[in-house]
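Remember, predicted model here, so these are calculated numbers, not experimental data. Numbers restart at 1 for each chain; the letters A, B, ... are given by sequence-line order, proteins then strands.
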Number of protein chains: 2
Amino acid sequence: MSEAIIQTYTRADEAFDCLQTAIVKGDLIPGEKIGEVELCSRFNLTRGPLREALGRLESRGLLVRRPHAGVKVVSVSASELMELYRIREVMEGLAARQAAERMTDQEIADLQRTLDTHEQMIEEAQGQAYYQAEGDYDFHHRIATGSRNTKLAQMLLGDLYYMVRMYRYRLSTFTGRPHRALGEHRRIVEAIAQRDGELAEFLMKRHINAARLNIEKKIQEGELTI
Amino acid sequence: MSEAIIQTYTRADEAFDCLQTAIVKGDLIPGEKIGEVELCSRFNLTRGPLREALGRLESRGLLVRRPHAGVKVVSVSASELMELYRIREVMEGLAARQAAERMTDQEIADLQRTLDTHEQMIEEAQGQAYYQAEGDYDFHHRIATGSRNTKLAQMLLGDLYYMVRMYRYRLSTFTGRPHRALGEHRRIVEAIAQRDGELAEFLMKRHINAARLNIEKKIQEGELTI
DNA sequence: AGAGACGATATTGTCAACAATCCATCGAAC
DNA sequence: GTTCGATGGATTGTTGACAATATCGTCTCT
C-alpha cells in the first residue's frame, strides 16, 4: 500500500540531500576547504553517513576529495560551464526526440498547461528571473522524464542539472529572455504533440544553443562574472 | 609536471575498483542479493570503506540499494541496453566533433598508429572477439579524452562505458564485425585529421548506430540472450 | 633574509562494537 | 490446506574511538 511510497530515509540520504542543496544554493563556496567535523556539526550528522554522502557527491562531480587533505566544492570555470551546455544540447535533443515518440497524450496536455502557467508567472512577475528559472527547470524536467529513457533522465536530472543550477543560483540574474524562451518552449511542445521527433530534437538543440550563446555573450561583455 | 603525483590509494578506492571490475566482469550476478559481510571477506575489507564504495557505485547506477534490505547488482534489460547506445550515439558524436577541433596533431598521429595495431591484432587473432572489443574500447576512450570536455569524458568513461562493458563481458561473443568497424574507425580519424568536426560527428553517430542495430538484430534473431 | 627540513597538531582514514530494521520461519486460526 | 500474524535471527545503519597522514609553523642552515 503506502509502503511502496514510504522510502525509509537513512542518515546518509539526508546528508546527501543537505549537502547537495547547500552546494547548489551556494551555501558552500566553491574552492573552499571544508572539514568533515565542521560539516557534521552544521548538519547534525556523524562522520559515517557523511562520508558515504561525500562519496556519492564526489562521484557525481559536485565536489572533489584529496586523501587526507579534505574536500572542497568543485569550482567550474566559465569555459567548463559552456561545455556543460554543449553536453546538454545533444542529450536534451535526444530527450526531446524520444519524448515525441513516447510521451502519452495526457502528459503532453499537462505539459501544455504547464506552459500556460509559466506564461502567467512571467507576466505577473514581470522580469523576476526566479520564476523563469523555475519554469525552465520544470519544462526540461518533464521532457527528460518523458523520454522514457531511464539512464538519460538519470544523467540529466542527477548530474547535469545540479551543476547548471549551481550557477543559476549564484549569478542570480538569469538569462533574462523569458518571453523568447517561452516561445521556444511552445514550439518544442508543438513538435512533440505532432509526434515529430526530428523537429523536436532540432528545436531543443537550438533552444539550448541560444541559451549558451546568450550567457557567453554576457560573460564577454563583462555583465556576468564567474 | 604531469599527474605523476601519486594519489594515495585509500581503502574506499580499492573497494570501489574491486567491486566495479567484479560487476563488469560478471563475478557478481545481476539481481542477486549480496551481503556486506560477504563482500568484506571476499575483498579483505571492512564495512566502513565498503559502504562508501557502495554509495559511489549506487550513484553511478551500477547497483541498487534498499535500506535495511541489502544491495544487488543492477540488471539491465535488452531495451535499456539499446537506450544506452542511443545516449552513446549523441554523446560520442559530440566528443568526435570536439576532438576534431581540439586534438593535437601528435594525438591524432598516435590515434592513427593505434588503428594500425588494431588492424594487426584483428588479422592475427582472426575473429577473436576479445581484441576487437579492447581495440574498440581503446579507440572510443581516446576520442572521449581528446574532446577536452572534462565532464563529457567523465560521463562517458565513468558511467556509460562500464555499463556497456558489463554486457560485452557477459555475452562474450562480441558484435563480430571487426573489419567493418575498423573501417569506420579509420574514416572517423580521417575526418578528425582534416579538422572536419561536422563530418566526424556524423560518422561517429552512424558508427554507433550501426553497432546498436547489429546487436538489436542478433537479439531478435535469438543469437544473443540477455 | 630566504629556503629547506623537521616536528606538532589537527584532520582524515579505518576499525570494531552497538542499535535499528527487515526477512523468513513457525505457529495458529479460518 | 491456505493465509495471516508474530517472533527470532540475521543483516544493515550508526556511533564513537583509534591510527595514519597532510598541513602549518618553527627552526636552522646557507
Side-chain angles (χ1 to χ4, degrees), chain A residues 1-20 22-23 28-75, chain B residues 1-20 22-23 28-75:
Chain A
M1 320 180 354
S2 59
E3 185 183 358
I5 301 172
I6 295 178
Q7 294 267 6
T8 57
Y9 270 103
T10 175
R11 295 280 201 191
D13 295 326
E14 189 184 336
F16 181 76
D17 289 338
C18 285
L19 283 172
Q20 185 160 255
I23 291 173
L28 297 175
I29 307 164
E32 187 189 12
K33 233 176 278 180
I34 318 167
E36 291 187 1
V37 286
E38 186 193 336
L39 289 175
C40 290
S41 60
R42 198 147 148 189
F43 297 107
N44 278 358
L45 295 164
T46 51
R47 286 184 55 215
L50 179 84
R51 286 182 61 83
E52 203 181 311
L54 290 179
R56 285 197 241 177
L57 288 166
E58 185 193 20
S59 129
R60 293 208 179 176
L62 279 171
L63 51 82
V64 291
R65 274 211 288 183
R66 259 183 29 211
H68 297 100
V71 308
K72 63 177 182 180
V73 179
V74 72
S75 61
Chain B
M1 59 148 278
S2 59
E3 335 241 316
I5 306 165
I6 293 179
Q7 297 263 8
T8 56
Y9 235 43
T10 175
R11 293 281 202 192
D13 296 326
E14 190 183 336
F16 181 76
D17 289 338
C18 284
L19 283 173
Q20 184 160 255
I23 291 172
L28 296 175
I29 308 164
E32 186 190 15
K33 183 196 151 202
I34 319 166
E36 290 186 0
V37 285
E38 186 194 335
L39 289 175
C40 289
S41 60
R42 199 147 146 188
F43 297 108
N44 277 357
L45 296 164
T46 51
R47 287 184 54 212
L50 179 84
R51 286 182 62 81
E52 202 181 311
L54 290 179
R56 285 197 241 177
L57 288 166
E58 185 193 19
S59 133
R60 293 207 178 177
L62 280 171
L63 50 83
V64 292
R65 276 212 283 186
R66 256 180 37 208
H68 299 280
V71 307
K72 63 178 182 182
V73 179
V74 71
S75 61

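Atom pair B:R66:CZ and C:dA20:P shows a separation of 21 Å (rounding to whole Å applied). With rounding to whole Å, B:L50 atom CG is found 14 Å from C:dA16 atom P. For the pair B:R51 CZ and D:dT14 C1', the computed distance is 8 Å after rounding to whole Å. One interatomic measurement links the two molecules: CG of A:L54 to P of C:dG13, which rounds to 9 Å at whole-angstrom precision. B:R11 places its CZ atom 12 Å from the C1' atom of D:dA19, with the value rounded to the nearest Å. Separating the NE2 atom of B:H68 from the P atom of C:dA20 is a distance of 11 Å, rounded to the nearest angstrom. Across the protein-nucleic acid pair, B:N44 atom CG and C:dA16 atom P stand 12 Å apart, rounded to whole Å. A:E36 places its CD atom 11 Å from the P atom of C:dT14, with the value rounded to the nearest Å.
Positionally, the nearest nucleotide of DNA chain C for B:P49 lies more toward the 5' end than for the other of B:K33 and B:P49. Of the residues near DNA chain D, A:A69 and A:E52, the one whose nearest nucleotide (by heavy atom distance) lies more toward the 5' end is A:E52.
Here the side chain of B:T46 is nearest to one of D:dG13, C:dT14, C:dC23, namely C:dT14.
Note on A:L45: nothing from the nucleic acid sits closer than 4.0 angstrom, heavy atoms only. At a threshold of 4.0 angstrom between heavy atoms, the contacts of B:G48 with the nucleic acid are absent.
Phosphate proximity of D:dT12 to A:T10: absent, as no side-chain N or O sits under 4.0 Å from OP1 or OP2.
Considering CG of A:L39 and CZ of A:R47, their distance stands at 11.0 Å, rounded to 0.5 Å.
In this structure the side chain of B:R11 never reaches within 4.5 angstrom of the side chain of B:T46, judged on heavy atoms. Side-chain atoms of A:R42 and A:I34, non-hydrogen and from C-beta on, never get closer than 4.5 Å to each other. Contact annotation: the side chain of B:L54 approaches that of B:E36 to within less than 4.5 Å [non-hydrogen atoms, C-beta and beyond]. Using a 4.5 Å heavy-atom cutoff, the side chains of B:R65 and B:R51 are in contact.
Within 3.5 Å, a donor on the side chain of A:R47 pairs with an acceptor on the base of C:dG13, or the reverse.
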